[in-house]
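Note sheet for the following structure.
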Amino acid sequence: MRKILFINACFRPESRTRILADRILEKLDGEVTVLNLDEEQILPLTLKTMRERDALKEADDYHNELFRYAWQFAEADEIVLAAPYYDMSFPASVKAYIEAISVRKITYTYTDQGIPSGLCRANRLIYVTTAGGPLFGSNLGFDYIKAVAGTYYGIRDFLYFQAENLDVEDADVDKILRSALNEIENCDQL
C-alpha cells in the first residue's frame with residue numbers, strides 16, 4: 001500500500017487550508033500518516049543541535065531519533081503539505097521542518113561532481129494553501145518548497161492548490177472555497 005505523508009501546518013481548528021487538504025487526501029489511494037507540525041513543535045536548528053547532528057553523522061548513527069522526520073519523509077511514496085499563506089510564504093514551523101528533514105545520506109546526497117541528488121521515494125509533492133488576501137501572482141512558500149524538494153530530495157512532480165482573498169471585505173468565502181474544492185475534485189492528476 002502506498003504511504004502518503006500529510007504534513008499539516010494548519011494550526012487553527014477551523015482552518016480553510018485544512019478543508020482543501022482533506023479533500024485532496026480523500027482522493028488519494030494509500031495509507032495516510034499525519035504529521036501535525038503544531039503538535040510536534042520542531043525547533044529550528046541551532047549551534048547545539050547542529051553539533052549534535054554532526055556528531056551522529058560522524059558516528060554513522062543515522063537511525064537516531066533525531067533523524068525520524070527525515071526517514072519518515074524519505075520513505076513516503078507521496079507528500080501532501082498543507083500550509084496557510086503567512087507573510088508571503090508559510091508558517092515558520094514549515095521551515096524548521098525542512099531543516100529537520102534535510103539530512104545528507106537520508107533525504108539527499110551529493111554526486112562526485114558536488115551536485116545534490118535526491119534519495120526520497122516520493123515522485124510527487126502536493127502543496128495546498130489559503131490566503132486572507134491576494135497572493136500577488138506567486139507563492140514564495142510553494143516556490144521554496146518546490147526548489148528544495150526538486151533540487152535536494154529528488155521530487156519531480158508538483159501540484160499546487162490555493163484559495164486567496166478569503167479575508168477581503170465582502171468576499172464570498174464559500175464561493176472561493178467551493179471553486180478551489182471544484183478544482184481539486186476535477187483534477188485528473190489526483
Any chance you could measure L66, atom CG, to T49, atom OG1, to the nearest 0.5 Å? 7.5 Å
I'd like to know if E99 and K95 make a salt bridge, using a cut-off of under 4.0 Å between side-chain N and carboxylate O. yes
Determine, using the 4.5 Å side-chain heavy-atom cutoff (strictly less than), whether L125 and I98 are members of one ILVMFWY cluster. yes
Are L190 and I126 side-chain neighbours, meaning at least one heavy-atom pair lies under 4.5 Å? yes
If I take atom NZ from residue K175 and atom CG from residue L166, how far apart are they, to the nearest 0.5 angstrom? 13.0 Å
Carefully, step by step, assess I155 and N123 under the rule side-chain contact (heavy atoms from CB on, under 4.5 Å). CA-CA 5 Å; I155 297 172; N123 291 319; over 6 Å; no
Would I106 and Y62 count as a side-chain contact (heavy atoms from CB on, under 4.5 Å) if you check the C-alpha gap in whole Å, the side-chain angles of each, and the deciding distance to 0.1 Å? CA-CA 8 Å; I106 298 177; Y62 286 91; 3.8 Å; yes
Minimum side-chain heavy-atom gap L5-L35 below 4.5 Å: yes
Under a 4.5 Å side-chain heavy-atom rule over Ile, Leu, Val, Met, Phe, Trp and Tyr, are V148 and I145 clustered together? yes
side-chain contact (heavy atoms from CB on, under 4.5 Å) for D143 and S138? Distances and angles first, verdict last. CA-CA 8 Å; D143 294 343; S138 72; 4.0 Å; yes
Residue that, paired with S102, satisfies side chain to side chain donor-acceptor pair (under 3.5 Å) out of Y153, Y108, Y152: Y153
Passes salt bridge (Lys or Arg N to Asp or Glu O under 4.0 Å), R16 versus D167? Steps please. CA-CA 11 Å; R16 299 170 296 198; D167 296 333; 3.1 Å; yes
Output for pair (C187 SG, N182 CG), nearest 0.5 Å, gives 12.5 Å
Side chain to side chain, L37 and I42, heavy atoms closer than 4.5 Å: yes
With a 4.5 Å cut-off on side-chain heavy atoms, are R53 and L45 touching? yes
Hey, does F11 have a side-chain heavy atom less than 4.5 Å from the side chain of P91? yes
Shortest non-hydrogen contact from N139 to S89? OD1-O, 4.0 Å
Minimal heavy-atom distance between I184 and L20, with the atoms involved, is CD1-O, 3.6 Å
Can you name the closest pair of heavy atoms from T17 and V128 and give their distance? CG2-O, 3.5 Å
Stepwise side chain to side chain donor-acceptor pair (under 3.5 Å) check, Q162 with Y127: CA-CA 8 Å; Q162 70 179 36; Y127 190 95; over 6 Å; no
More than 12 heavy atoms of other groups within 6.0 Å of E31 CD: no
Q72 versus T33: any side-chain heavy-atom pair under 4.5 Å? yes
Could you give the distance from CD (E40) to OH (Y69), rounded to the nearest 0.5 Å? 3.5 Å
Stepwise side-chain contact (heavy atoms from CB on, under 4.5 Å) check, F67 with K105: CA-CA 11 Å; F67 299 125; K105 293 189 179 180; over 6 Å; no
What is the minimum heavy-atom distance between R18 and C10, and which atoms define it? N-SG, 3.7 Å
Close side-chain approach of C120 and F73, heavy atoms under 4.5 Å: yes
Taking only Lys NZ, Arg NE, NH1 and NH2, and the carboxylate oxygens of Asp or Glu, determine whether D22 and K27 approach each other closer than 4.0 Å. no
Applying the 4.5 Å side-chain criterion to the ILVMFWY set and letting contacts propagate, would L119 and V103 be lumped into a single cluster? no
Could you tell me if the ring centre of F142 sits under 6.0 Å from that of Y160? yes
Quick check against the 3.5 Å criterion: does E164 have a side-chain atom that pairs as donor or acceptor with the backbone of L135? yes
Under the side-chain hydrogen bond (donor to acceptor under 3.5 Å, both in side chains) rule, collect the residues that match up with E78, sequence neighbours excluded. R2, R124
Over all heavy atoms of both residues, which pair between I101 and A70 is shortest? Give the atoms and the distance, please. O-CB, 3.7 Å
Non-hydrogen atoms of N165 and I176 that approach each other most closely: O-CD1, 3.8 Å
Connected via hydrophobic side-chain network under 4.5 Å: L81 and I19: no
Check this for me, if you would: do R121 and D77 make a salt bridge, where the nitrogen-to-carboxylate-oxygen distance has to be below 4.0 angstrom? yes
Please report the interatomic distance OG1(T46) to NZ(K48), rounded to the nearest 0.5 Å. 7.5 Å
